[in-house]
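Read the structure below first, then the notes.
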Amino acid sequence: MLPASARLRKSSEISAVMKSGTRFSAKLVVLHVAQSSSEHTKVAFAVGKNVGNSVVRHKVTRQLRHAITPLIGSFPAGSHVVIRALPEANQASFSQLSENLKFALSKLAKS
RNA sequence: CGAGUCGGUCGGAUGAUCGCGGUAGCCGCAAGGUUAUCGAGGAAAGUCCGGACUCCAUAGGGCAAGAGUGGUGGAUAACGUCCACCUGGGGCGACCCACGGGAAAGUGCAACAGAAAGUAAACCGCCUAUCUUCAUUUAUGGAGAUAGGUAAGGGUGAAACGGUGAGGUAAGAGCUCACCAGUACUUAUGGCGACAUAGGUAGCUAGGUAAACCCCACUCGGAGCAAGACCAAGUAGCAGGUGACUGCCCGUCACACGCCUGCAGGUAGGUUGCAACAGGUUGUUGGUAACAACAAUCGCAGAUGGAUGAUCAUCGCGCGCAAGCGUACAGAAUCCGGCUUACAGACCGACUCGUCUA
């Protein structure tokens, strides 16, 4: 679990990011990033039913959460981020997920 | 030792590093920090039953409709659950299986085959009579037709209107008799009861299907924690403006048309409901048992885009010569009691049958 300040909690904010944010995709995950006026970078996860059953989805979410924690500082301050998992993520190891997130972040840095 | 039946338990372990949520204490105005402690399951699943709880409806009662249940007795808050027993069926046995009321209240249904699937019915066969014809031993036999009798035999089917034997008959038939099976009514005994055992009477046979309609008995108001309660931005709504005539009310005039104040309503959002009880464990007593009573003891998740973890190492277990691979089903969402379904593997207890030894 991320600290409360780093969690994106309101469904209205999340849907706003999904609609209007910029997408950066990798093999296993897709980042949706949008700027906001708040001080903290906030993160939310979207793991759909096509990824697997409840146990698998929860496991992927936990792995993503721990993989993103050291990378939060790499986002521009005040970013709102939604990390969407693709179906192939259910087979991935922690290091693979971590690599994917870094790859997507490098795309963000270039833009 | 082998084969099996029933019931139950567990379902990875340890360490290191980095994290999250609740509660309590302390510090802090607060944000928060810090210490301690707790933090997924046997099915948390399917959401199929039953309750608690909440709101709505309801004077009280009845009838109808609709839905559900269906051997008997008990357990329980309740149940479609559980226990014991009965009946029927299966197994050498331990034991297992059964949506187990009514088919002589009525309506309906039954593929294919078959003559016929129900107030029965004549395809083959068997028997009798009449007629025709053939043969001869001249009153008998064969063949055919017509009319009738016959459910014993054949054949069909999942199922065909009791079974065996004897009498009887033209041939047959519960037509009659004996025994057996079954039905209805009834008596006695045992049992709380379902029912069992033994007898009597009747009529001689009454098919299946009620998870088809239906009949009988019993049960049921509806919606659900996104219930409900409280607080409450914003927007829109209603009320109240300031000055002068005039000290107050009404009225008139001027200024402003924005802001402020109040109000109820209640959206976003927040708080609550929300975790200490039909509670777990151990023991004693009662009960065949389900279970109940009593005593001691324990405190045992509470999130809300949703915590309960991530990574690494070592070990365990299974497969494999080894490298190595695998390590199930599955993630709380108001809470309990059940049912059903999924599940790698490990373990314990009771009992049955067989073989060997003593």
Side-chain angles (χ1 to χ4, degrees):
Chain A
M1 191 74 175
L2 299 164
S5 61
R7 269 182 280 160
L8 193 59
R9 309 184 81 162
K10 295 187 180 175
S11 59
S12 56
E13 293 176 337
I14 291 171
S15 52
V17 172
M18 295 286 280
K19 271 186 186 175
S20 61
T22 320
R23 280 192 299 170
F24 303 95
S25 54
K27 256 187 184 173
L28 304 176
V29 294
V30 179
L31 299 187
H32 297 256
V33 182
Q35 278 300 312
S36 78
S37 53
S38 66
E39 297 178 17
H40 298 285
T41 298
K42 292 189 173 183
V43 181
F45 301 92
V47 182
K49 280 199 174 170
N50 52 4
V51 175
N53 67 16
S54 174
V55 174
V56 173
R57 290 201 305 272
H58 195 199
K59 180 179 169 62
V60 169
T61 309
R62 290 193 309 252
Q63 288 179 324
L64 283 175
R65 186 182 296 134
H66 283 276
I68 199 68
T69 307
L71 305 174
I72 283 179
S74 318
F75 290 96
S79 297
H80 281 183
V81 183
V82 174
I83 301 170
R84 188 152 55 87
L86 297 174
E88 291 76 25
N90 60 5
Q91 300 288 332
S93 70
F94 178 75
S95 53
Q96 283 175 301
L97 286 173
S98 204
E99 287 302 310
N100 260 264
L101 284 172
K102 283 175 186 165
F103 174 75
L105 257 172
S106 66
K107 281 179 142 183
L108 168 62
K110 283 180 195 168
S111 65

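We name chains A, B, ... by the order of the sequence lines, and we start the count at 1 in each one. Just so we're clear, the structure is a prediction, and the values are computed from it rather than from any experiment.
- Checking A188(B) for Watson-Crick or G-U wobble geometry (two distances, each under 3.5 Å) identifies U197(B) as its partner.
- Looking only at side-chain heavy atoms (C-beta outward), Arg84(A) and His32(A) come within less than 4.5 Å of each other.
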Residue pair Ile83(A), Leu101(A): steps toward the side chain to side chain contact (heavy atoms under 4.5 Å, CB included) verdict: CA-CA 9 Å; Ile83(A) 301 170; Leu101(A) 284 172; 4.3 Å; yes
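- In this structure, C96(B) is classed as anti because its glycosidic torsion departs from zero by more than 90°.
- In terms of heavy-atom proximity, Gln63(A) sits nearest to Phe94(A) at O-CE1, 3.6 Å.
- In this structure the side chain of Thr69(A) never reaches within 4.5 angstrom of the side chain of Val43(A), judged on heavy atoms.
- Closest to the side chain of Arg62(A), out of A330(B), U308(B), G305(B), is U308(B).
- Across all strands shown, U311(B) is found opposite A16(B) as a Watson-Crick or G-U wobble partner, with both distances under 3.5 Å.
- Closest of all the heavy-atom pairs between Arg57(A) and Val47(A) is CD-O, 3.5 Å.
- Atom pair Lys59(A):NZ and A40(B):P shows a separation of 17 Å (rounding to whole Å applied).
- With its glycosidic angle more than 90° from 0, G114(B) is assigned anti.
- In this structure U138(B) sits in no base pair that meets the Watson-Crick or G-U test at under 3.5 Å.
- Taking the C1' atoms as reference points, U352(B) lies 10 Å from C92(B), given to the whole Å.
- Phosphate proximity of G305(B) to Arg65(A): absent, as no side-chain N or O sits under 4.0 Å from OP1 or OP2.
- Each of Val55(A) and Thr61(A) has a nearest nucleotide on RNA chain B; the 5'-most of these lies closest to Thr61(A).
- Across all strands shown, U34(B) pairs with G25(B); the Watson-Crick or G-U wobble distances both stay below 3.5 Å.
- Remark: C1' of A342(B) and CG of Asn53(A) are 12 Å apart, rounded to the nearest angstrom.
- Between the side chain of His66(A) and the base of G19(B) there is no donor-acceptor pair of N/O atoms closer than 3.5 Å.
- With a cut-off of 3.5 Å on both pairing distances, the Watson-Crick or G-U wobble partner of A166(B) is U176(B).
- One can place CD1 of Ile68(A) at 16 Å from C1' of U311(B), the figure rounded to the nearest angstrom.
- With a cut-off of 3.5 Å on both pairing distances, the Watson-Crick or G-U wobble partner of C245(B) is G251(B).
- Between the CZ atom of Arg57(A) and the P atom of G306(B) there is a distance of 13 Å, given to the nearest Å.
- Separating the C1' atom of A115(B) from that of A160(B) is a span of 12 Å, rounded to the nearest Å.
- Residues Leu28(A) and Phe103(A) are not in side-chain contact: their nearest non-hydrogen atoms beyond the backbone lie 4.5 Å or more apart.
- With both ends at atom C1', the span from C29(B) to U35(B) equals 23 Å, rounded to whole Å.
- Base orientation at A40(B) is syn, since its O4'-C1' glycosidic dihedral falls within 90° of 0.
- For G174(B), the base adopts the syn conformation, since its glycosidic angle falls within 90 degrees of zero.
- Between Gln63(A) and the phosphate of G309(B), there is no side-chain N or O to OP1/OP2 separation shorter than 4.0 Å.
- Two residues, Ser95(A) and Val82(A), neighbour RNA chain B, and the one matched to the more 5' nucleotide by heavy-atom proximity is Val82(A).
- Taking atom P on both G74(B) and C348(B), the two are 43 Å apart, rounded to the nearest angstrom.
- With P as the reference atom, A117(B) and C161(B) are 14 Å apart, rounded to whole Å.
- Across G305(B), A40(B), A330(B), the shortest atom-to-atom separation from the side chain of His58(A) is found for A40(B).
- When the P atom is compared between A303(B) and A333(B), the two are found 14 Å apart, to the nearest whole Å.
- Summarising the geometry, the separation between CZ on Phe94(A) and P on U311(B) is reported as 6 Å, rounded to the nearest angstrom.
- With both ends at atom C1', the span from C49(B) to U76(B) equals 16 Å, rounded to whole Å.
- In a base pair of the Watson-Crick type (N1 to N3 plus N6-O4 or O6-N4) or a G-U wobble (N1-O2 and O6-N3), with each distance short of 3.5 Å, C263(B) is matched with G237(B).
- With hydrogens and angles disregarded, a donor-acceptor distance shorter than 3.5 Å links the side chain of Lys107(A) to the backbone of Ser25(A).
- Taking the C1' atoms as reference points, G71(B) lies 11 Å from G193(B), given to the whole Å.
- The base-pairing partner of U288(B), taking Watson-Crick or G-U wobble contacts with both distances under 3.5 Å, does not exist among the strands shown.
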